[in-house]
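Nothing here was measured: the structure is a model prediction, and the numbers come from that model.
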Amino acid sequence: MMFLACMFSYVIRTNLSITIVAMVNTTSKDGGVGPACTRIADMKSNKTVVLKDFGERFEWNQHIQGLLLSGYFYGVLPASVPAGLLAEKYGGSKVVAFATLIPAVLNLLMPWAATVHYGFVFALRFVMGFFGGAVYPALHAMIARWVPPGEKGMFVWTMQGGPFGTVVTFALCGAVISAYGWTTAYYVTSGLMLVFYALWVFLIYDTPELHPNITEKEKTYIKEQIGTSVSKQKVQLPVKAVATSLPFLVLLWAHFANMWGIYFIATNGPKYTLEVLGFNMKSGGAITGLPYIARLGAGVLFAAAGDYVRRKKYLSLGWIRKIFMLFSHLGPAACLIAMTYVGCDATTAMIMLILALAFNGAACQTSLQNHQDLAPNYAGSLYGIMNTFGSFPGFIIPPIIGALTNEKNGVEEWRVMFWISAVVFISATVLFWLFGSAEIQPWNDSSQVKVPTLSEEEMQINETTKKDDADNTEAEENERL
């Protein structure tokens, strides 16, 4: 269900990315119509291009489109930190429920808002982001209370439900728009989200203690494995300690870089594949989703590999995080740089895009999990801070692309954006290798006392067990005497 929660969070986040292509006119400043690469071929063959009728089209230039695509992320900005705090205080399941219901209802109003004024579209997207941005911090707070440390990799992989939601959105909306027009796409996505909301409310609980069907054996195992790293009391976030923690600050930038790549492709991928490379709406939606399928599959492998290496103690946790950064951040940077020079070679461009997100699947062992290492007591709050900072690319990228492509929407204009994205990824990798950490920080404990690590806890448990066994043996010997 956590996987689905992430998936539907991205459905509402990315549906405008593909529907907006069908909602606007794509006439360039030079009078050309249609995708840039297709336009070059059509000019050579003197072919006339006519835009397909997917419903009413609006005269929204690239600046307006950038504003609307960033609207959701402006909403996420003020919501993420409060969401983490609320999840820790009242329970993550309740926060996720509201974060699903309200955006689903507002999404139904999008066709009406578009016909009135694009300002109404921006307002709706902002409110959707305000509530929808609460999903991830709430889920991280739940994971901290449900999942033992050595098994977190596979559960953090559930966060890959988000990119999978992008796959579903692009493929589903592309097919629906092609067959029934863009207005229907909004109704279909909202309907699916409302069904999920009903299932979540009836099936999900915040802690093992509240779950009615969990066995005592399972409950005991979870509580013993989590140990004292997560407080049973409500604790207040040590803001000053967090703000001056170098390991957390470099994690913030690593998460920023990770979200930069995801938002760049999720928010603007359809625009590039449909408006520049020239894919049609039906096939283009599905093709643009392929990188996220690759990220999902690779995420499973990276999550399993990281957890296996940790269980076998082949590498320290810190080295696991740093080595996997080479895949999650440096790999996408190399692929995006390569993609800048393939031009209108659509096949090679898509292969590079697929490889970029496949490598980024390793983020489930780096920036998506490192906050759990640093301070599991504040997992929800820390991810709320990360989600706030990580939402910046969502409203930084579209205006930049709008400015780059407003006069001419071609490969060369987009090349600048690919280079910027690669630099962001590379800088995050270097900083994490220099200053990143996987040690529990002293401020994880509200009394500022270092919380024992898992290995220390295990040693304490073993010592207690040996002492109890010795006492029992002595008592039995006394009885025989």
Side-chain angles (χ1 to χ4, degrees), residues 13-40 42-43 49-52 54-74 110 113-126 129 170 173-174 177 182 185 260-281 284-285 288 336 339-340 343-344 346 349 353 392-421:
R13 185 177 308 199
T14 59
N15 64 345
L16 182 63
S17 299
I18 187 167
T19 55
I20 199 170
V21 178
M23 294 170 68
V24 300
N25 284 317
T26 56
T27 303
S28 66
K29 294 291 184 179
D30 60 7
V33 177
C37 290
T38 303
R39 205 159 57 234
I40 294 173
D42 293 337
M43 288 174 63
V49 178
V50 179
L51 294 178
K52 292 188 177 181
F54 298 126
E56 183 177 0
R57 288 186 180 268
F58 305 98
E59 297 297 331
W60 298 341
N61 62 29
Q62 293 290 347
H63 291 296
I64 294 175
Q65 292 177 50
L67 176 67
L68 298 182
L69 289 172
S70 64
Y72 182 97
F73 304 97
Y74 279 106
M110 285 289 286
T115 60
V116 178
H117 193 271
Y118 67 81
F120 286 96
V121 175
F122 178 85
L124 284 177
R125 293 292 295 178
F126 178 89
F170 289 170
C173 289
I177 291 170
W182 59 263
W260 179 285
I262 291 176
Y263 289 160
F264 173 42
I265 299 171
T267 307
N268 297 280
K271 288 179 67 64
Y272 188 74
T273 57
L274 299 176
E275 293 182 359
V276 179
L277 295 181
F279 291 103
N280 64 49
M281 179 60 69
T288 306
L336 290 177
M339 189 175 175
T340 60
C344 288
L353 205 57
F392 276 61
F395 57 80
I396 292 174
I397 294 172
I400 294 176
I401 293 178
L404 291 172
T405 62
N406 195 50
E407 294 295 326
K408 183 182 178 183
N409 189 14
V411 173
E412 293 181 0
E413 289 70 33
W414 282 80
R415 180 173 295 155
V416 177
M417 200 64 212
F418 283 111
W419 264 105
I420 294 173
S421 301

Looking only at non-hydrogen atoms, find the nearest pair between Pro398 and Pro393 and report the distance. CD-O, 3.9 Å

Please determine whether side-chain contact (heavy atoms from CB on, under 4.5 Å) holds for the pair Trp60 and Val121, giving the CA-CA distance in whole Å, both sets of side-chain angles, and the decisive distance to 0.1 Å. CA-CA 12 Å; Trp60 298 341; Val121 175; 4.3 Å; yes

Using the side chain to side chain donor-acceptor pair (under 3.5 Å) criterion, which residues pair with Glu413? Sequence neighbours excluded. none

Just wondering, are more than 12 heavy atoms of other shown residues or ligands nearer than 6.0 Å to CZ in Phe418? yes

Closest contact, heavy atoms only, Ala22 versus Trp182: O-CD1, 3.8 Å

Using every non-hydrogen atom in the two residues, find where Gly394 and Tyr263 come nearest and quote the distance to one decimal. N-CD1, 3.5 Å

Non-hydrogen atoms of Leu353 and Met339 that approach each other most closely: CD1-SD, 3.7 Å

Ala113 and Phe120: which non-hydrogen atoms are nearest, and at how many Å? CB-CB, 3.8 Å

Check the pair Asn25, Glu59 against side-chain contact (heavy atoms from CB on, under 4.5 Å), reporting the backbone distance first and the verdict last. CA-CA 6 Å; Asn25 284 317; Glu59 297 297 331; 2.2 Å; yes

About how many Å separate CG of Asn61 and CG of Leu67, when rounded to the nearest 0.5 Å? 10.0 Å

Have a look at Cys173 and tell me which of Leu16, Ile18, Thr14 forms a side chain to side chain contact (heavy atoms under 4.5 Å, CB included) with it. Ile18

Closest heavy-atom contact between Ala185 and Ile177? CB-CG1, 3.9 Å

The reported gap from CZ in Arg13 to CD1 in Ile262 (rounded to nearest 0.5 angstrom) is 9.0 Å

Using the test side-chain contact (heavy atoms from CB on, under 4.5 Å), find all partners of Glu56 that sit at least two apart in sequence or belong to another chain. Phe58, Thr115

Under the side-chain contact (heavy atoms from CB on, under 4.5 Å) criterion, do Met417 and Thr405 qualify, and how do the steps go? CA-CA 10 Å; Met417 200 64 212; Thr405 62; over 6 Å; no

Distance col, row Leu69:CG vs Phe122:CZ, nearest 0.5 angstrom, shows 11.5 Å

What distance do Asn15 atom CG and Tyr72 atom OH have between them, rounded to the nearest 0.5 Å? 10.0 Å

What's the spacing between Ile420 CD1 and Leu404 CG if we round to 0.5 Å? 6.5 Å

Let me see the working for Arg125 and Tyr74 under side-chain contact (heavy atoms from CB on, under 4.5 Å), right down to the final yes or no. CA-CA 9 Å; Arg125 293 292 295 178; Tyr74 279 106; over 6 Å; no

My understanding is that only residues two or more places apart in sequence, or in another chain, count here; which of them pass side chain to side chain donor-acceptor pair (under 3.5 Å) with Trp260? Ser421

